[in-house]
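First comes the structure, then the notes that go with it.
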Amino acid sequence: MLMDHDDAKEYLRSRMQDYLVTHHQVRNLRTNFQCVNASAHAHADRNPSMHFYPDSNRCKCFACGVSYDIFEFIRIDFGLSGFDETFKKACDLYDVQIARYVRKDNDYQKAFGQRCSEHPGISGMPYGKEFRRPSGTIREIPDQMSYYGRCVDLRKHSEKAMCYLAKRGLQEETIDYFQIGYDPSWHHPGTRNRPTERIIIPNSSNSYLARVLDDTLILGEYDHPKMKVGRQHLFNSRAIRPQSVVFVVEGEIDAMSIVQFGIPCVGLGSASQYRKLSDFLRLNPDNAKGSFFLICLDDDKAGKERAMDLSRLLDTDGFQCAMSNGLSAPFKDPNERLHMDPEGLGDVLRRAWNECQKLRIRRESA
Ligand SMILES: [Zn+2]
């Protein structure tokens, strides 16, 4: 996991409980256990006198009268001397890499916040409680804006990441617009899987997509090649404005490929997430007054069925829409067409957009 020094310190302190279980074999964290500094006790702390406080992530020994955090545990357990040595050991134990291009978190937050006020889509958190999945399978994660900032810096300095994005046909302007980043050693928060190299695509301030650069990698349990972290929102919802024609696609990279031609486009994440668009429109009806949606999901069974479902939903809510599956044929998806046949994609997009615009105006004046 990539973070700066201060975030790392905070994160590592939060691993206290895990450390007690794995390194001190503490079975029950509610009862006392042997002091980490047992050698200083008269009887090696045979009657355990140490207690864990989850709120502060610290342990206190009633015999020594001293309170310890994870760094003091690691220092004693591994016989280390200074804090630097201890901190390095803690980073090793918990797979933490310290970002090389460190700026202050609030600089990043400011920079990202400014971008978001220009383009409100990324920070837009349009989903109220009523739209959350009751199963609670998707957890909210903490604010990621400073992480995105670091990843953008790393991407700018990484030839490999820039090459990957260029190979997918994405231009620097598009890459900057979507604040795409790069994490050379990403792993899913809360897991200790082997880190993998990822492209980081922000979805909201609390959710992102981490995509591997190398599709041939053999991955672990939490390491899907396109891993979504946090509850995902409609991708690029800022494209939805009153009286506009907006294309609707499945993938984030497909949406970016279309936006590159100046065509407003949102991404559902996948065909099965088609409700994300209608949820967004119900919560932001003013953004979409008089808008027209062209639904262009993938040309497979799921894509066709969900496109029908979505057009019915939009229809019911009084939004104009049409369906198209001819944007990328004969290629797999808009992004594949972007790097195989950019002129063809541009042509078909502009023609489709003009058609939709005519329909929209005709219905508006009807
Ligand atoms: Zn003690």
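Of the charged side-chain nitrogens involved, at least one lies within less than 4.0 Å of a carboxylate oxygen, so that D309 and R312 count as a salt-bridged pair. Using a cut-off of 4.0 Å between Lys/Arg side-chain N and Asp/Glu carboxylate O, E85 and K88 are scored as not salt-bridged. Note on R155 versus D176: salt bridge recorded, some NZ/NE/NH1/NH2 to OD/OE distance being below 4.0 Å. Salt-bridge formation is not detected for the pair E252/R211: no Lys NZ or Arg NE/NH1/NH2 atom is positioned less than 4.0 Å from an Asp or Glu carboxylate oxygen.
Under 3.5 Å, the side chains of Y208 and R198 contain no donor-acceptor pair of N or O atoms.
Here the straight-line distance linking atom CG of L170 with atom CZ of F178 works out to 9.0 Å at 0.5 Å rounding.
The aromatic rings of F71 and F87 lie tilted to each other, with the angle between the two planes from 30° to 60°. Between F62 and Y53, the angle of the ring planes goes over 60°, which puts this pair in the perpendicular group of the 30/60° scheme. Ring geometry for Y94 versus Y19: interplanar angle of 30 to 60°, hence tilted.
Proximity of a side-chain donor or acceptor of N236 to a complementary backbone N or O of V266 within less than 3.5 Å is not detected. Side-chain atoms of D279 never come within 3.5 Å of backbone atoms of R282 as a donor-acceptor pair (strictly under, hydrogens ignored).
Stacking of R238 on the aromatic ring of Y177 is recorded, both the 6.0 Å distance cut-off and the 45° axial limit being met.
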